[in-house]
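Here's the structure we're looking at; comments come further down.
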Amino acid sequence: MADKPSIPKGTRDFSPLEMARRNHIFDTIRRIFKVHGFLPIETPAMENLSTLMGKYGDEGDKLLFKILNSGDFKSKLSPEELSETPAGRLGTKISEKGLRYDLTVPFARYVVQHRNEIDFPFKRYQIQPVWRADRPQRGRYREFYQCDVDVIGSNSLLNEFELIQIIDEVFQALSLKVVIKLNNRKVLAGCAEVIGAPEQMIDITVAIDKLEKIGLEKVLAELVQKGLSPDSVTKLEPLLKMEGSTAEKLIFLAGFLEGSELGMAGLQEVRTLLAYVEADPLGSEVELDLTLARGLNYYTGSILEVKSAEYAIGSICGGGRYDDLTGIFGLEGVSGVGVSFGADRIYDVLLQLERFPQRGDLDTRLLFVNFGEAEVKHIIPILGRLRKSGIASELYPDQTKMKKQMNYANNRKIPFVALLGEQEIADGMITLKDMETGMQERLTPEQLVERISSAK
RNA sequence: GUGGAUGUAGCUCAGUUGGUUAGAGUGCUGGAUUGUGGUUCCAGAGGUCGCCGGUUCGAACCCGGUCUUCCACCCCA
């Protein structure tokens, strides 16, 4: 026998049950995006490598899936180039395309490319798979879906506020308790400025991010190792020790950031945003979290991240404001803000917490038992009528033992089975069996439609 | 990219110091029950023990490699 067929590492097949559950997530998210006036777009699975490279940092570049050029891709290369070790740079010479790594960069490309057709501010949503050559783990796949909403061409913090509302509405609709974490890149930059190490903002934020995991002492040691002066470390310490409610943190930061124009501006943004949130309180908890750094280097203002309050799996939604993104593609001064829902992780959380709805609207409601050709001719028009009434119904395609047909209905969790055999044909009735109670009743076709419709 | 585990029937898992025909539960097929599923009883099918190589008279078991999945880093959705 040949080797069993398989799929690439980190990819998955989805069964009908899994698809029903995934669609529950996608439908919920899409519905809420639409209600907020966002419009859908799609972009190709593959982009030019020049569009993708350098947008996600060195780490990100390594995680890009590259597509080998078609044809004789090595004909133009010299023997020296071909035998080069390590083969790192060779990759970009034999490949010009790559699979998209996220939806934000392709969106930025889209905006720049179609700038003359777009009405700004442009509110778009996009639900598509992305690919990363990462090492798979729980909640981490090489092919996974992102559900992005972005507003581009508006500086207003009302956009951030709307995204927070969307997050809240989505997770309420999915019955998940989440914590929405909020931070601001300008505040982080201000902190770096105040302690006299503006160049090392990235190092500092990464270190702050690890605070919860490795503790204060190790974070400080790491910072010293990264080249931060002892004086700066001393100045940073009170920030790391900052505790208390969001309101208390704001007061502390107002003092800490004094002297940094950028930092104070960031702080004011946070205050404004929180004031909007207070105007119509959310179901989810919103907190200011300075340890939220986020790796992507294009965020410039607000940073958002959402975690499940009930199940630890990393962030299930994240995003922020990026002032400079379209600048990379030659369109300056267009600010955007957006978030991305991680459908696959949300799936894992819902599954773990058993929060998926019992059954979907599209599941078959009624199965006709197949007794043979003569009976089938009577069933066909009734089946058509049921379907026109929006009742998902089936006729078992083969004339087999009733036991087998009943079993099929049972396994598929079809709630009703209709019997139309010789006896029923004779008196123009249909026998309807309720699979849950086992009760049977005789109905006319009209009554049958009525009965199934009202049973929903 | 670094380190550590894992892989036996469709699924969940046993498997004695390496010793003949590799087991259970569940699911599947058939029968008890020829117009009635879920319960019960009986019977049956289904596995070159992830793959390749090595050690051995002999390997599911020991060794090496490889792939998969999982876990911790890194990073992230």
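Naming convention: chains lettered A, B, ... in sequence-line order (proteins, then strands); numbering from 1 in each chain. No hydrogens, no waters, no symmetry mates; every other heavy atom, side chains included, goes into these values.
On the P atoms, B:rG25 is 11 Å away from B:rC42, given to the nearest whole Å. Of the P atoms belonging to B:rG38 and B:rU20, the separation is 40 Å, rounded to the nearest Å. Spacing between B:rU56 and B:rG18 at atom C1', rounded to whole Å, works out to 9 Å. One C1' atom belongs to B:rC67, the other to B:rA5, and the distance between them is 15 Å to the nearest Å. Of the P atoms belonging to B:rG19 and B:rG15, the separation is 14 Å, rounded to the nearest Å. Nucleotides B:rG1 and B:rC61 place their P atoms 29 Å apart, quoted to the nearest Å. For the P atoms, the distance linking B:rC28 with B:rG64 amounts to 42 Å, nearest Å. Distance check on atom C1': B:rC13 versus B:rA22 gives 14 Å, rounded to whole Å.
When heavy atoms are screened at a 4.0 angstrom cut-off, A:Glu143 is found touching no nucleic acid atom at all. A:Asp344 comes within 4.0 angstrom of no nucleic acid atom, judged by non-hydrogen atoms across all strands. The residue A:Lys433 sits close to a base: some heavy atom pair falls under 4.0 Å.
Heavy-atom minimum distance, A:Thr51 versus A:Val105: O-CG1, 3.6 Å. Heavy atoms only, all atoms of each residue included: A:Gly283 and A:Gln172 are closest at CA-NE2, 3.3 Å.
Nearer to the 5' terminus of RNA chain B, by closest-nucleotide assignment, is the contact made by A:Lys62 (compared with the other of A:Lys62 and A:Asp434).
Side-chain contact of A:Tyr56 with A:Asp102: a donor-acceptor pair under 3.5 Å is present, judged by distance alone. Checked by atom type, the side-chain pair A:Tyr322/A:Asp150 shows a donor-acceptor distance below 3.5 Å.
With rounding to whole Å, A:Glu436 atom CD is found 22 Å from B:rU36 atom P. B:rG38 atom C1' lies 16 Å from atom CG of A:Leu367, rounded to whole Å. Rounded to an integer number of Å, the gap from CZ of A:Arg345 to C1' of B:rA77 is 5 Å. Atom CG in A:Leu432 sits roughly 13 Å away from atom C1' in B:rU36 (whole-Å rounding). In this structure, A:Asn407 places its CG atom 11 Å from C1' of B:rU29, rounding to the nearest Å. One interatomic measurement links the two molecules: CZ of A:Arg12 to C1' of B:rA77, which rounds to 11 Å at whole-angstrom precision. A:Tyr408 has its OH atom 18 Å from the C1' atom of B:rG27, to the nearest Å. Distance A:Leu304 CG to B:rA77 C1': 14 Å, rounded to the nearest Å.
Using a 4.5 Å heavy-atom cutoff, the side chains of A:Val224 and A:Val233 are in contact.
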Would you check, one step at a time, whether the test side-chain contact (heavy atoms from CB on, under 4.5 Å) holds for A:Gln423 with A:Thr431?
CA-CA 10 Å; A:Gln423 299 161 25; A:Thr431 300; over 6 Å; no
Determine, step by step, whether A:Glu450 and A:Ser453 satisfy the side-chain hydrogen bond (donor to acceptor under 3.5 Å, both in side chains) criterion, reporting the C-alpha distance in whole Å, the side-chain angles of both residues, the deciding distance to 0.1 Å, and the verdict.
CA-CA 5 Å; A:Glu450 179 63 23; A:Ser453 302; 5.8 Å; no
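Annotation: A:Phe65 is not in aromatic contact with A:Tyr101 [ring centroid separation under 6.0 Å not met].
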Filtered N/O pairs between nucleotides 31-35 of chain B and protein, under 3.5 Å:
from	atom 1	to	atom 2	distance (Å)
B:rG31	OP1	A:Lys401	NZ	3.0
B:rG35	O6	A:Gln423	N	3.2
B:rG35	O6	A:Gln423	NE2	3.4
B:rG35	O6	A:Glu424	OE1	3.2
B:rG35	N1	A:Glu424	OE1	2.9
B:rG35	N1	A:Glu424	OE2	3.2
B:rG35	N2	A:Glu424	OE2	3.0

Strictly under 3.5 Å: I want the nitrogen or oxygen pairs between protein and nucleotides 65-71 of chain B, one per line.
from	atom 1	to	atom 2	distance (Å)
B:rU68	OP2	A:Lys9	NZ	3.4
B:rU69	OP1	A:Gly10	N	2.9
B:rC71	OP1	A:Arg138	NE	3.0
B:rC71	OP2	A:Arg138	N	2.4

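Geometrically, A:Arg12 engages A:Tyr141 in a cation-pi contact defined by less than 6.0 Å to the ring centre and at most 45° from the axis. Taking the ring centre of A:Tyr125 as origin, the terminal cationic atom of A:Arg30 falls outside the region bounded by 6.0 Å and 45° from the ring axis.
Between B:rC28 and A:Asn411, a contact under 4.0 Å exists linking OP1 or OP2 to a side-chain N or O.
With A:Arg412 as reference, A:Thr364 is the one residue of A:Thr364, A:Asn407, A:Asp363 to meet the side-chain hydrogen bond (donor to acceptor under 3.5 Å, both in side chains) rule.
Not counting sequence neighbours, A:Phe144 has no partner by the ring pair (Phe, Tyr, Trp, His ring centres under 6.0 Å) test.
Non-hydrogen atoms lying under 4.0 Å from RNA chain B are contributed by nothing in residues 161-173 of chain A.
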Starting at the 5' end of RNA chain B, what dot-bracket string do you get if Watson-Crick and G-U pairs under 3.5 Å are bracketed, crossing pairs use [ ], other-strand pairs use | and unpaired bases use dots?
(((((.(..((((.....[...)))).(((((.......))))).....(((((..]....)))))).)))))....
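A:Gln128 places a side-chain N or O within donor-acceptor distance of the main-chain N or O of A:Thr43, the cut-off being under 3.5 Å.
With respect to the salt-bridge test (charged N to carboxylate O, under 4.0 angstrom), the residues A:Glu441 and A:Arg451 qualify.
Counting only residues at least two apart or in different chains, ring pair (Phe, Tyr, Trp, His ring centres under 6.0 Å) contacts with residues 8-31 of chain A comprise A:Phe26-A:Tyr145.
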